[in-house]
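Read through the structure below, which is laid out as structure tokens, and then see the notes.
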Amino acid sequence: MLVYPSSIDLSSRTLRHLTRQLAAHRREIGTRWRRLPVGRQALLALTHLRCGDTYAQLAAGFEIGIATVYRYIREAVEVLAAQAQTLAEAMTTVRTKAYVILDGTLLPIDRIAADTPYHSGKHKRHGMNVQVITDPFGRLLWASAALPGSSHDLTAAREHGIIDALATAGLKCLADKAYQGAGRHVRVPFRGRRLKRWKRRHNSTHAKIRCLGEQAMAVLKGWRLLRRLRCSTNRITNIVKAVVVLHHAST
């Protein structure tokens, strides 16, 4: 296999953060020797998450075995995921905002047609449902665990406790029509075709504000691994958490 040098569109701050976390983890478990030094392991994990390179490509580029690549990446993802905020912890930040934007996204996975729970009827493909909370400027604040793609956005939000947490905090939230019936704290557009003029103006203003939440989706999908996941569905939640931690570390 031919190997060539490449670049990753991440700041050195992100690499330093992951390097420090992995170094602390190695000290904690008493690691004496590794095929890669801690900085190279951090670079390996970032390359996989940001660029979506396969284990075979990474094994050739870093001159280690495929099994070693798998172990190193899984270790780095688990170390990062352990640092991710819970919803209760994130609410301390969320409460300081005038309002938040709630939206769901589908992370595509390589499942077959028989895997019905993972098929999204809305998107017509297999994937995992992730709920995202952003601030009024579209900055990513928190992302939920991943549920099968067949989960409705409102059902997923309730299962994660998002609706109850927003109601308890008394915080206004803007969302799309999928969250109809979530309660008075979640503002959604009016439904129907023949709406009165003031309702159409309301929907237009609502859409202009809510569309800023799409920036957070772009942030997630900027990590190319999340554009088409090939791993076990049990690992996707940790990958999402790791990406959110890295994003916050770089900003």
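Values reported hereafter were calculated over all heavy atoms of this structure, with side chains retained and with hydrogens, waters and symmetry mates removed.
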Rounded distance (nearest 0.5 Å) linking atom CZ of R200 with atom OG1 of T205: 13.0 Å
Path from L141 to I163 over hydrophobic side-chain contacts below 4.5 Å: yes
Donor-acceptor contact present, side-chain H119 to main-chain P148, <3.5 Å: no
Side-chain donor or acceptor of H123 paired with backbone N/O of P108 under 3.5 Å: no
Backbone of L140 reached by a side-chain donor or acceptor of H248 within 3.5 Å: yes
Check: R40 and R34 side chains under 4.5 Å, non-hydrogen atoms: no
Validation row: L166, V100 side chains within 4.5 angstrom (heavy atoms): yes
Any donor-acceptor N/O pair, D53 side chain to Q57 backbone, under 3.5 Å: no
Short side-chain to backbone donor-acceptor contact, S144 and Q131, under 3.5 Å: yes
T47 side, atom OG1; R224 side, atom CZ - distance, nearest 0.5 Å: 11.0 Å
NZ/NE/NH1/NH2 to OD/OE distance under 4.0 Å, R71 and E75: no
Side-chain donor or acceptor of T19 paired with backbone N/O of L15 under 3.5 Å: yes
Heavy-atom pair with the smallest gap, counting every atom of L154 and G181: CD2-C, 4.4 Å
Same apolar cluster (I L V M F W Y, side chains within < 4.5 Å links), I162/V188: yes
Side-chain donor or acceptor of D153 paired with backbone N/O of A178 under 3.5 Å: no
Note, V245 side chain near H17 side chain (heavy atom, < 4.5 Å): yes
Closest non-hydrogen atom pair, I236 against A146: CG2-CB, 3.8 Å
Note, L10 side chain near W223 side chain (heavy atom, < 4.5 Å): yes
Spacing of CG belonging to L46 relative to NE2 belonging to H48, to within rounding of 0.5 Å: 11.5 Å
Full working for side chain to side chain contact (heavy atoms under 4.5 Å, CB included) between T237 and M128: CA-CA 9 Å; T237 292; M128 300 294 286; over 6 Å; no
Heavy-atom closest pair, residues S11 and S250: OG-CB, 4.0 Å
Heavy-atom pair with the smallest gap, counting every atom of T251 and R13: O-NH1, 3.4 Å
Pair L225-V243, side chain to side chain contact (heavy atoms under 4.5 Å, CB included): steps then yes or no: CA-CA 10 Å; L225 183 65; V243 165; over 6 Å; no
Closest non-hydrogen atom pair between L212 and P136, with its separation: CD1-O, 3.2 Å
Donor-acceptor contact below 3.5 Å, side chain K221 vs main chain A218: no
Expected output: side-chain Y72 to main-chain R35 donor-acceptor under 3.5 Å: yes
N238 side chain to E78 backbone, donor-acceptor under 3.5 Å: no
Hydrophobic cluster identity match, L87 and Y179, side-chain contacts under 4.5 Å: yes
L246 with L107, same ILVMFWY side-chain cluster at under 4.5 Å: yes
Between CZ on residue R210 and SG on residue C173, distance to nearest 0.5 Å: 10.5 Å
Contact check, side chains of F62 and L43, non-hydrogen atoms, under 4.5 Å: yes
Co-membership, hydrophobic cluster, residues V244 and I133, 4.5 Å side-chain: no
Working for side chain to side chain contact (heavy atoms under 4.5 Å, CB included), residues N129 and S120: CA-CA 9 Å; N129 181 299; S120 169; over 6 Å; no
Nearest atoms (heavy-atom pairs only) where S150 meets P117: OG-O, 2.6 Å
Nearest-0.5 Å distance, OG1 of residue T134 to CG of residue L174: 9.5 Å
Interatomic spacing from CG in L171 to NE2 in H185 - rounded to 0.5 Å: 9.0 Å
